[in-house]
2 protein chains.
Amino acid sequence: MLELTPMANILDAYLSILRSQGFKLTPKRRSVIELFIKEKRILAPQDVHQMLKAVITPLGIPTIYRILEELSSIGILVPVLSDNRLLSYALCGKPKVHHHHFVCRKCHNVDEVDYCNFDAISKLIAKKLGGVVERHSLNIEGLCIRCKE
Amino acid sequence: MLELTPMANILDAYLSILRSQGFKLTPKRRSVIELFIKEKRILAPQDVHQMLKAVITPLGIPTIYRILEELSSIGILVPVLSDNRLLSYALCGKPKVHHHHFVCRKCHNVDEVDYCNFDAISKLIAKKLGGVVERHSLNIEGLCIRCKE
DNA sequence: CTGCGTGCAAAGTATTTGCAAACCG
DNA sequence: CGGTTTGCAAATACTTTGCACGCAG
């Protein structure tokens, strides 16, 4: 019994999140999500536009910016600061479950990391600084298994 | 016996890092570092320019971009993605010592957090994904003690 | 149908470049 | 003095806005 998750299923999961948040299922939105699933790496708005405009016509840049912002607002994408100091996005495979992303500095491949022992830091901040932690994000960078040689 | 660290001393520490990296001690660079020490929060290039151009004249925007990039390259500043999706920088108090930053989402105050139990995640990635972790940065966001009410 | 989505054009910002003049050490 | 550093102007690049038309539900 295979454990593969067909891309169609992954996509469906995202599309149902979209719908549940009151967004319509348009070809553009669908294509953006598909692209992130397929590429499995962080992408800047310009990248997305570049890669999709060949397939989807017409496709305006403002649309891309809008879609990325929407997807990010409902947790399907997460904003990431890329090497070139540009706002980029990574697909977030588990919008509801807490986790982090390991980004390869060479091929920009993204893997998800479940483990997060964050309570300790959170408590430390409450104790030493008196602040309340609301969110945190961990950027893990290195070389993925394919690029490391 | 007071335990205060006068701003002059903090500044000197940074300036000596600058020098040791072959950078010259110019008034502009000095002022940028002083600003970060004084403000104690993340600042975007435009912020820095806005705040310094009144005091230092003349002061071009390109200079600010260049200085921020330099300071970041030697670890005095760290790049941060701010709320408004713009590249900003935070002063890094311990360039040599591993630590993280707790940024208040309201006043953008930055506090440093020493604790980091990152080994576990690092090992997990090596084991489950086969990748090598080279760097990581943790963005901790919330409300500081003054803003939390 | 109805209102959300999108294209397009154009404006608004942010960032980078190239070179000559100024300055640190 | 010499090589850095900086100002300036202008080019580039990135991002947002407004509005009319088009399409999903």
Side-chain angles (χ1 to χ4, degrees), chain A residues 11-12 14-35 42-74 76-77 79-89, chain B residues 11-12 14-35 42-74 76-77 79-89:
Chain A
L11 182 59
D12 283 347
Y14 288 120
L15 295 185
S16 82
I17 296 177
L18 251 192
R19 236 183 331 238
S20 75
Q21 298 296 121
F23 289 101
K24 292 184 178 175
L25 253 63
T26 68
K28 316 280 161 98
R29 286 184 180 142
R30 182 196 184 89
S31 302
V32 169
I33 298 177
E34 281 176 346
L35 180 67
I42 65 176
L43 297 169
Q46 306 285 341
D47 297 331
V48 176
H49 181 246
Q50 204 54 223
M51 304 174 86
L52 287 184
K53 76 177 179 189
V55 191
I56 320 268
T57 315
L59 180 62
I61 277 267
T63 301
I64 299 299
Y65 278 92
R66 286 185 281 234
I67 291 179
L68 294 178
E69 227 275 306
E70 290 156 5
L71 295 182
S72 151
S73 78
I74 58 181
I76 292 181
L77 296 179
V80 175
L81 191 59
S82 71
D83 319 345
N84 43 197
R85 303 202 229 83
L86 241 50
L87 171 65
S88 299
Y89 292 90
Chain B
L11 182 60
D12 283 345
Y14 288 120
L15 295 183
S16 83
I17 296 178
L18 252 191
R19 234 182 333 235
S20 75
Q21 298 294 118
F23 289 100
K24 294 187 173 172
L25 255 62
T26 68
K28 316 282 160 91
R29 286 184 179 140
R30 182 196 184 89
S31 301
V32 169
I33 298 177
E34 280 176 346
L35 181 66
I42 64 175
L43 296 168
Q46 305 286 341
D47 297 331
V48 176
H49 181 245
Q50 204 55 225
M51 303 173 86
L52 287 185
K53 76 178 179 188
V55 190
I56 319 270
T57 314
L59 179 62
I61 277 268
T63 301
I64 298 297
Y65 278 91
R66 287 184 283 233
I67 291 179
L68 294 179
E69 226 275 307
E70 291 157 4
L71 296 182
S72 152
S73 78
I74 57 179
I76 293 182
L77 296 179
V80 174
L81 190 59
S82 70
D83 318 346
N84 44 196
R85 303 202 226 82
L86 240 50
L87 170 65
S88 299
Y89 293 89

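Throughout, a chain's letter reflects where its sequence line sits, starting with A, and its residues are numbered from 1. Quick caveat: nothing in here was measured; it's all calculated off a predicted structure.
At least one side-chain nitrogen or oxygen of A:R85 sits closer than 4.0 Å to the OP1 or OP2 atom of C:dT16. Of the side-chain N and O atoms in B:K28, one or more sit less than 4.0 angstrom from OP1 or OP2 of D:dG7. Phosphate proximity of C:dT6 to A:R66: absent, as no side-chain N or O sits under 4.0 Å from OP1 or OP2. Of the side-chain N and O atoms in A:T26, none sit less than 4.0 angstrom from OP1 or OP2 of C:dC4. Considering only side-chain N and O atoms, B:T63 lies under 4.0 angstrom from the phosphate OP1 or OP2 of D:dG7.
Along DNA chain D, the nucleotide nearest to B:P27 and the one nearest to A:K24 differ in position, and the one closer to the 5' end is contacted by B:P27.
As rounded to whole Å, 8 Å separates atom P of C:dG7 from atom NE2 of A:H49. Straight-line distance from the CZ atom of A:R30 to the C1' atom of C:dG5: 17 Å, rounded to whole Å. The distance between atom CD1 of A:I64 and atom C1' of D:dC14, rounded to the nearest whole Å, is 14 Å. Rounding to whole angstrom units, CG of residue B:L68 and P of C:dA14 are separated by 14 Å. Summarising the geometry, the separation between CG on B:L59 and C1' on C:dC23 is reported as 15 Å, rounded to the nearest angstrom. Residue B:L15 contributes atom CG, which lies 10 Å from atom P of C:dG25 at whole-angstrom precision. Summarising the geometry, the separation between CG on B:L52 and P on D:dT6 is reported as 12 Å, rounded to the nearest angstrom.
Side-chain contact between B:S88 and B:L43 is absent, with no heavy atoms from C-beta onward closer than 4.5 Å. Looking at heavy atoms from C-beta onward, A:S16 lies in side-chain contact with A:R19 at the 4.5 angstrom threshold. In this structure the side chain of B:L81 never reaches within 4.5 angstrom of the side chain of A:V80, judged on heavy atoms.
Nearest to the side-chain atoms of A:L87 among the listed nucleotides C:dG7, D:dA24, D:dT15 stands D:dT15. The nucleotide whose nearest atom lies closest to any side-chain atom of A:I61 is, among C:dC8, D:dA24, D:dT15, D:dT15. The nucleotide whose nearest atom lies closest to any side-chain atom of B:R29 is, among C:dA14, D:dT6, C:dG5, D:dT6. Taking the side chain of A:P62 as heavy atoms from C-beta on, and the options C:dC8, C:dG5, C:dA14, the nearest nucleotide is C:dC8. When distances run from any side-chain atom of A:Y65 to the nucleotides C:dG3, C:dA14, D:dC14, the shortest one goes to D:dC14. The side chain of B:I67 sits closest to D:dT6 out of C:dT17, D:dT6, C:dT6.
Salt-bridge annotation for A:E70 and A:R66: absent, with no side-chain N of the basic residue lying under 4.0 Å from a carboxylate O of the acidic one.
In this model, no side-chain donor or acceptor of B:R19 finds a partner on the base of C:dG25 within 3.5 Å.
In summary, the side chains of A:Y65 and A:Q46 do present a donor paired with an acceptor at a separation below 3.5 Å, with no hydrogens or angles considered.
The residue B:P58 sits close only to the backbone: its heavy atoms come under 4.0 Å of sugar-phosphate atoms, none of a base.
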